[in-house]
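Everything on this sheet refers to the single structure shown next.
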Amino acid sequence: MEQSGTSALLQGAVQDLASDVVSALRGGDHVRMSGTETMDDVEAGLALAAVRVLGADLLLPHVLFPAPPAPEALAVFRRTVEAFPPRPDAAPTVRWSHWAMRRTLLRLDTPLDGPPAGAGDTEPDAGWLDDAPWQTLTHQLAVLAPLAVPGEDSGVARAAGRRPVDVARGFVRAVRRRDWQQAAGAGRWLTLLDGVPDTLGLETGLDFVELMGGADPRVALQVQATRVMRAAGALV
């Protein structure tokens, strides 16, 4: 029961953070987040865990818009990166998520303890995506949607760029299965890829995903991020 209650609290904290990011993406504003200095250990731990789940997307508005993040949000983000390094046996998605967070700090000119990404940090391996079935590829890309940022090169982005038709198939499958979070994440990647079939109807599809799943802040975050990128001319 205690574990179930903790999971519910974490899920709620992640949803609240995602809602804040959506609001910032819609208004071009700061992500509003209190620092952990005034929290007790349990609250601070929950806040850091929620940031770890949301990953680099916490600071996405400050990557897409020329507005520096609030010091409190930046400090919590940095503390999360330092508190949750990947274990040696971590899954590839965990390694890439951590890499994306470090990369975001580097993009925002934030000092890190240890060498920053791109200056001593080697990209995790992305070769496993080349051989993954298209269903698995889409699932993994949706998990790694925070890496789908205009102008950001990575092994994951290059793997996605080699398989636009497979990602499009995965998007359609996710919509049919009513997996709105996966569909929204795949749609975000498709916005950045060349070679997406014109017959996909991505914009109409994203409207449908937003209508059906937009009450979930994590779905709304991906859809709104896609809209911002499309409005900025990310779609070629």
Side-chain angles (χ1 to χ4, degrees), residues 9-39 43-44 46-81 84 97-110 112 117 142-152 157 180-192 203 206-207 209-211 213-235:
L9 287 173
L10 177 57
Q11 182 178 2
V14 172
Q15 299 281 55
D16 288 344
L17 279 183
S19 294
D20 290 343
V21 174
V22 172
S23 295
L25 286 170
R26 287 173 176 163
D29 199 359
H30 293 285
V31 175
R32 305 185 184 280
M33 182 174 188
S34 301
T36 56
E37 294 82 3
T38 59
M39 300 179 183
E43 292 173 329
L46 184 64
L48 295 180
V51 172
R52 181 64 190 86
V53 172
L54 203 60
D57 273 346
L58 178 70
L59 298 183
L60 180 63
H62 309 291
V63 172
L64 298 181
F65 300 117
E72 296 83 2
L74 199 54
V76 173
F77 190 86
R78 186 189 303 112
R79 185 178 170 190
T80 302
V81 172
F84 293 99
S97 178
H98 185 76
W99 184 89
M101 294 181 75
R102 290 183 62 87
R103 192 76 170 183
T104 298
L105 287 175
L106 179 67
R107 180 189 280 253
L108 296 173
D109 295 326
T110 304
L112 283 167
V143 172
L144 295 173
L147 284 160
V149 178
E152 186 64 56
W180 309 123
Q181 191 165 321
Q182 184 174 138
R188 177 170 164 181
W189 279 106
L190 288 165
T191 297
L192 300 176
E203 187 168 359
L206 284 170
D207 287 343
V209 170
E210 183 178 38
L211 175 66
D216 181 343
R218 298 185 69 182
V219 173
L221 191 163
Q222 301 302 333
V223 173
Q224 187 60 31
T226 301
R227 295 199 189 289
V228 170
M229 292 190 292
R230 289 173 69 88
L235 184 61

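Note that the coordinates shown come from a computational prediction; the quantities given were computed from them, not determined experimentally. Heavy-atom basis, side chains included; hydrogens, waters and symmetry copies ignored.
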- [ ] Check the pair His62, Leu59 against side chain to side chain contact (heavy atoms under 4.5 Å, CB included), reporting the backbone distance first and the verdict last.
- [x] CA-CA 5 Å; His62 309 291; Leu59 298 183; 4.1 Å; yes
Tightest non-hydrogen contact, residues Val209 and Ala183, listed as CG2-CB, 3.9 Å
Paired with Leu147, the side-chain contact (heavy atoms from CB on, under 4.5 Å) test is passed by just one of Leu144, Val149, Val143, namely Leu144
Here the pair of heavy atoms bringing Gly214 nearest to Ala220 is O-CB, 3.7 Å
Correct closest heavy-atom pair for Ala184 and Thr226 would be O-OG1, 4.5 Å
Exercise for review: Using the side chain to side chain contact (heavy atoms under 4.5 Å, CB included) rule, take Leu105 and Leu74 through it: C-alpha gap first, then chi angles, then the decisive distance, then the call.
Suggested key: CA-CA 8 Å; Leu105 287 175; Leu74 199 54; 4.0 Å; yes
Here the gap from Phe84 atom CZ to His98 atom NE2, rounded to the nearest 0.5 Å, amounts to 11.0 Å
When every non-hydrogen atom of Leu25 is compared with those of Leu64, the smallest separation belongs to CD2-CD1, 4.0 Å
Without hydrogens or angle criteria, can the side chains of Arg52 and Ser97 be said to hold a donor-acceptor pair below 3.5 Å? yes
Between Arg107 and Pro150, the two heavy atoms sitting closest are NH2-O, 3.9 Å
Of all heavy-atom pairs linking Thr104 and Ala56, the shortest is OG1-CB, 3.4 Å
Okay, side chain of Arg188, backbone of Ala145: is any donor-acceptor separation there less than 3.5 Å?
yes
ask   = Can you check side chain to side chain contact (heavy atoms under 4.5 Å, CB included) on Arg103 and Val63, steps first, answer last?
value = CA-CA 11 Å; Arg103 192 76 170 183; Val63 172; over 6 Å; no
